[in-house]
Participant: 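I'd like to ask some things about the structure below.
Here is the naming used below: chain letters follow the sequence lines, and residue numbers restart at 1 for every chain.
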Number of protein chains: 2
Amino acid sequence: MTTIYDVAKLARVSAKTVSRVLNESHLVAEETRQRVLEAIEKLDYHPNVIAASLKRNRSNMIGFVVPYGSEFVFQDPNMMEQLRGTHDYVSAAGFELIVSVPRHKEDALQEALRLTKNRNVDGVILYPSYGIDQIIKEFQAKNLRYVTLGICFDQQKSNFVEVDQTPGSYFATQHLISLGHRRIGLLNKSASFFMYNRNDLLEGYVQALKEAGIAYIPSLVREGNFTFEDGYEQFMSLYKEHPDITAVICASDPMTYGLIRAIFDLGLNLDDIQVVAGDNLPLTQKLFPHLSSITNPSYEQGRQAGRMIVSIVNEGRGEVPGIILNTEFVARSMHSVVNR
Amino acid sequence: MTTIYDVAKLARVSAKTVSRVLNESHLVAEETRQRVLEAIEKLDYHPNVIAASLKRNRSNMIGFVVPYGSEFVFQDPNMMEQLRGTHDYVSAAGFELIVSVPRHKEDALQEALRLTKNRNVDGVILYPSYGIDQIIKEFQAKNLRYVTLGICFDQQKSNFVEVDQTPGSYFATQHLISLGHRRIGLLNKSASFFMYNRNDLLEGYVQALKEAGIAYIPSLVREGNFTFEDGYEQFMSLYKEHPDITAVICASDPMTYGLIRAIFDLGLNLDDIQVVAGDNLPLTQKLFPHLSSITNPSYEQGRQAGRMIVSIVNEGRGEVPGIILNTEFVARSMHSVVNR
DNA sequence: TTGAAAGCGCTAACAC
DNA sequence: GTGTTAGCGCTTTCAA
């Protein structure tokens with residue numbers, strides 16, 4: 001196996017000079033540099049990054065740790081968008097991305113700690129889930145690098161990238177009201193996903209209703225865990241209780257698919273119930289091009305988390321201010337109630 | 001930072017004994033072992049995997065390298081299923097998984113070589129794409145570890161996990177024929193995806209037609225790159241040329257979605273055109289529960305590739321026999337032509 | 001069953 | 001602009 005010393009010998013310089021050419025070329029005389037580069041080329045030399053990592057105490061790897069199990073993660077298009085955003089940023093910044101989905105979701109946080117403490121990675125991106133406040137305290141106490149996708153605990157001021165869904169649901173509700181809808185359902189995310197966060201989707205919905213002078217009826221709001229199945233079942237139950245419902249806003253695209261399937265199974269179609277999709281994913285736009293949608297900046301969220309962890313690692317900072325991204329609303333349909 | 005020496009000192013043993021407790025506990029007296037474990041606990045010691053990697057010349061990381069760009073990869077449900085299969089196997093075997101999607105697809109193979117030569121990873125899982133024969137030769141010459149998802153070149157006998165799509169398309173075609181269909185379209189994968197492989201989807205289709213005494217009409221077969229857009233456009237063009245078509249078989253689920261969208265946009269529905277989906281992905285089953293489908297063992301393919309690369313790395317073998325997985329066909333619909 | 005010493009391949013200090 | 005020396009934290013002879 002060819003090492004830096006083989007290159008040094010062939011180029012008639014010291015190992016350190018080879019190292020300089022590799023890492024800080026500008027500190028080396030051009031002539032020497034060329035000789036070294038030739039030797040590298042001739043020997044097909046590839047620096048051993050593991051050795052460099054040991055010396056530098058830096059692995060140039062970032063961990064992406066998610067709970068919920070692999071069948072959820074890799075099949076959830078939003079999580080894939082987040083992962084994609086992180087991958088793109090982090091790899092452009094010269095880091096490798098380690099994706100880790102622990103077997104049991106309870107292990108996720110320990111896994112993140114393990115990756116970091118073992119110096120496998122320079123920092124991790126994490127999902128808030130049960131028990132994370134303790135883990136974050138440990139990260140902070142030990143000065144380990146982390147960023148969370150969402151807020152972990154009350155008063156958290158730093159190291160998070162959150163999405164505020166208030167604007168999306170507010171404008172969606174407003175739009176539906178302007179089309180004449182009065183009985184508007186909301187398939188909300190479930191309370192267990194809020195962590196210490198406010199119930200933003202509901203807030204936007206309630207505010208828009210209030211401004212229009214429409215009574216807020218709690219039973220028009222159902223909760224689910226972002227899945228197809230929840231979307232299906234919650235709408236079935238919602239429709240049973242409120243057969244006069246004319247529009248529904250969804251918290252996620254998978255829920256939207258479940259809702260649409262339920263609509264078809266009830267013998268209805270998308271003209272009977274006005275649906276607002278939850279994420280505005282490419283696939284949803286293609287499959288159901290006429291659906292209005294809340295947009296969810298998943299890719300950007302992952303990307304920002306990547307940017308944040310890279311800057312934390314590169315600049316040695318322990319904390320950087322948290323970021324809040326906003327949802328938007330895209331109107332695509334003009335079906336009003338009276339037109340039906 | 002606490003090292004193995006700190007633990008050794010506290011436990012009043014040598015560093016090597018601590019190392020033994022960590023790696024080969026059985027060679028240490030139980031009493032000593034307990035003392036060491038206590039010290040590890042007390043100091044919250046976490047072995048530095050980078051240092052161990054350097055010494056062992058083994059990183060315990062596997063690379064998963066794909067061409068096509070991140071917006072394709074992370075949005076393609078089949079690739080995610082493969083990734084999931086690889087992740088699950090590889091992480092259960094004690095490896096970390098590095099996911100790498102080069103910016104430009106032309107860089108993918110160099111990226112795989114780089115990861116391996118730099119000792120970032122112990123082995124890589126690769127997609128065959130243009131120019132891979134050369135790269136594989138380099139892997140073989142330098143005795144580097146790799147597995148390909150599909151066959152790279154003529155006569156390749158080892159280190160691949162391939163899927164043979166003949167059975168799926170054969171049974172799908174047979175099924176449609178038994179329902180009375182005679183004009184059956186095939187939205188095939190494009191020739192550039194075959195590599196040195198045979199055109200298996202077409203083979204199964206042609207054979208079933210032949211056995212039923214139905215003429216094979218080449219213009220009923222269209223090609224696409226597995227995408228929604230290709231499914232949409234190819235069916236539009238197919239239907240224009242063959243308005244008497246009554247059934248279509250798809251090479252992938254994304255193409256199936258495009259096809260279905262095209263059917264709707266033409267003012268037809270799923271009773272007019274009998275559709276056979278391409279992959280039998282969970283989402284497809286949920287969205288279109290009545291669709292018959294070819295099954296594509298993507299998860300298993302990824303898993304087997306993981307198993308293969310792990311055994312290559314662990315047992316130091318350069319080559320293991322290739323594996324060929326089969327597609328199947330799941331009949332879910334009984335719409336015959338005469339019933340319409 | 002345990003330990004001492006050497007060294008994996010690189011880079012940071014410090015010389016020159 | 002370049003080289004020498006030491007050492008990152010672990011594991012591997014080899015000896016006791």
Participant: Nearest-Å distance, NZ (A/Lys9) to P (C/dG9)?
Facilitator: 14 Å
Participant: Does one side chain, of A/Asn314 or A/Arg58, offer a donor that lies under 3.5 Å from an acceptor on the other?
Facilitator: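 Yes, A/Arg58 and A/Asn314 have a side-chain donor paired with an acceptor closer than 3.5 Å.
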Participant: Using the test ring-ring contact (aromatic ring centres under 6.0 Å, His included), find all partners of B/Phe160 that sit at least two apart in sequence or belong to another chain.
Facilitator: none
Participant: Side-chain N or O of B/Asn23 less than 4.0 angstrom from OP1 or OP2 on D/dT11?
Facilitator: yes
Participant: Distance check needed: C/dC10 P versus A/Asn60 CG, whole Å only.
Facilitator: 15 Å
Participant: In whole angstroms, how far is the P atom of D/dT13 from the CZ atom of B/Arg56?
Facilitator: 13 Å
Participant: Starting from P on C/dC8, measure out to CG on B/Asn48 and report it in whole angstrom.
Facilitator: 18 Å
Participant: For A/Asp6 and C/dG9, give me the distance from atom CG to atom P, rounded to whole Å.
Facilitator: 9 Å
Participant: Hey, does the side chain of B/Ser19 come within less than 4.0 Å of D/dT11's phosphate (OP1/OP2), counting only N and O?
Facilitator: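 Indeed, a polar side-chain atom of B/Ser19 lies that close.
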Participant: Between C1' on D/dG1 and NE2 on A/His26, what's the gap in Å once rounded to a whole number?
Facilitator: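 Those two atoms, NE2 and C1', are 12 Å apart.
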Participant: From C/dT1, C/dA13, D/dG9, pick the nucleotide closest to the side chain of A/Lys16?
Facilitator: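 Among C/dT1, C/dA13, D/dG9, the one nearest the side chain of A/Lys16 is C/dA13.
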Participant: Which of these nucleotides, C/dG9, C/dT2, D/dT11, is closest to any side-chain atom of B/Ile4?
Facilitator: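 For the B/Ile4 side chain, the nearest candidate turns out to be D/dT11.
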Participant: Of the nucleotides C/dG3, C/dT11, D/dT11, which one has an atom closest to the side chain of A/Ala52?
Facilitator: C/dT11
Participant: Take the protein atom CG of A/Asn120 and the nucleotide atom P of D/dG9, then report the distance between them rounded to whole Å.
Facilitator: 16 Å
Participant: I want to verify a distance call: between C/dC10, D/dG9, D/dG1, whose nearest atom is closest to the B/Lys55 side chain?
Facilitator: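 Closest nucleotide to the B/Lys55 side chain: D/dG9.
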Participant: Would you give the length of the straight line joining atom OH of B/Tyr146 to atom CD1 of B/Ile309, rounded to the nearest 0.5 angstrom?
Facilitator: 9.5 Å
Participant: Hey, does the side chain of A/Ser53 come within less than 4.0 Å of C/dC10's phosphate (OP1/OP2), counting only N and O?
Facilitator: no
Participant: Could you tell me whether the side chains of B/Gln134 and B/Glu138 share a donor-acceptor contact shorter than 3.5 Å?
Facilitator: no
Participant: Using whole Å, what does the distance between atom P of nucleotide C/dT2 and atom CZ of B/Arg12 come to?
Facilitator: 13 Å
Participant: What nucleic acid atoms does B/Val28 come within less than 4.0 Å of, heavy atoms only: base, sugar-phosphate, or nothing?
Facilitator: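 Here B/Val28 touches the backbone only, sparing every base.
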Participant: Of the nucleotides D/dG9, C/dT11, C/dT1, which one has an atom closest to the side chain of B/Ala29?
Facilitator: C/dT1
Participant: Just by distance, no angles: are the side chains of A/Glu38 and A/Gln34 close enough, under 3.5 Å, to form a donor-acceptor pair?
Facilitator: no
Participant: Less than 4.0 angstrom between a side-chain N/O of B/Ser14 and OP1 or OP2 of C/dG3, yes or no?
Facilitator: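 B/Ser14 to C/dG3 OP1/OP2: side-chain N or O found under 4.0 Å.
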Participant: With a 4.0 Å cutoff (strictly under), does any side-chain N or O of B/Thr17 reach OP1 or OP2 of C/dG3?
Facilitator: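 Yes, within the criterion.
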Participant: From the list C/dC10, C/dT2, D/dC10, which nucleotide is the closest neighbour of the side chain of A/Tyr5?
Facilitator: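 Per side-chain heavy atoms of A/Tyr5, the pick is C/dC10.
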Participant: If you assign B/Asn57 and B/Val13 each to the DNA chain C nucleotide with the nearest heavy atom, which residue ends up on the more 5' nucleotide?
Facilitator: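 The residue closer to the strand's 5' end, by nearest nucleotide, is B/Val13.
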Participant: Which nucleotide, C/dT2, D/dT11, D/dT2, lies nearest any side-chain atom of A/Arg20?
Facilitator: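 Given the options C/dT2, D/dT11, D/dT2, the side chain of A/Arg20 is closest to D/dT2.
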Participant: Does any pair with a residue in residues 20-58 of chain A pass ring-ring contact (aromatic ring centres under 6.0 Å, His included), and if so which ones, sequence neighbours excluded?
Facilitator: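 Pairs touching residues 20-58 of chain A that pass the test: none.
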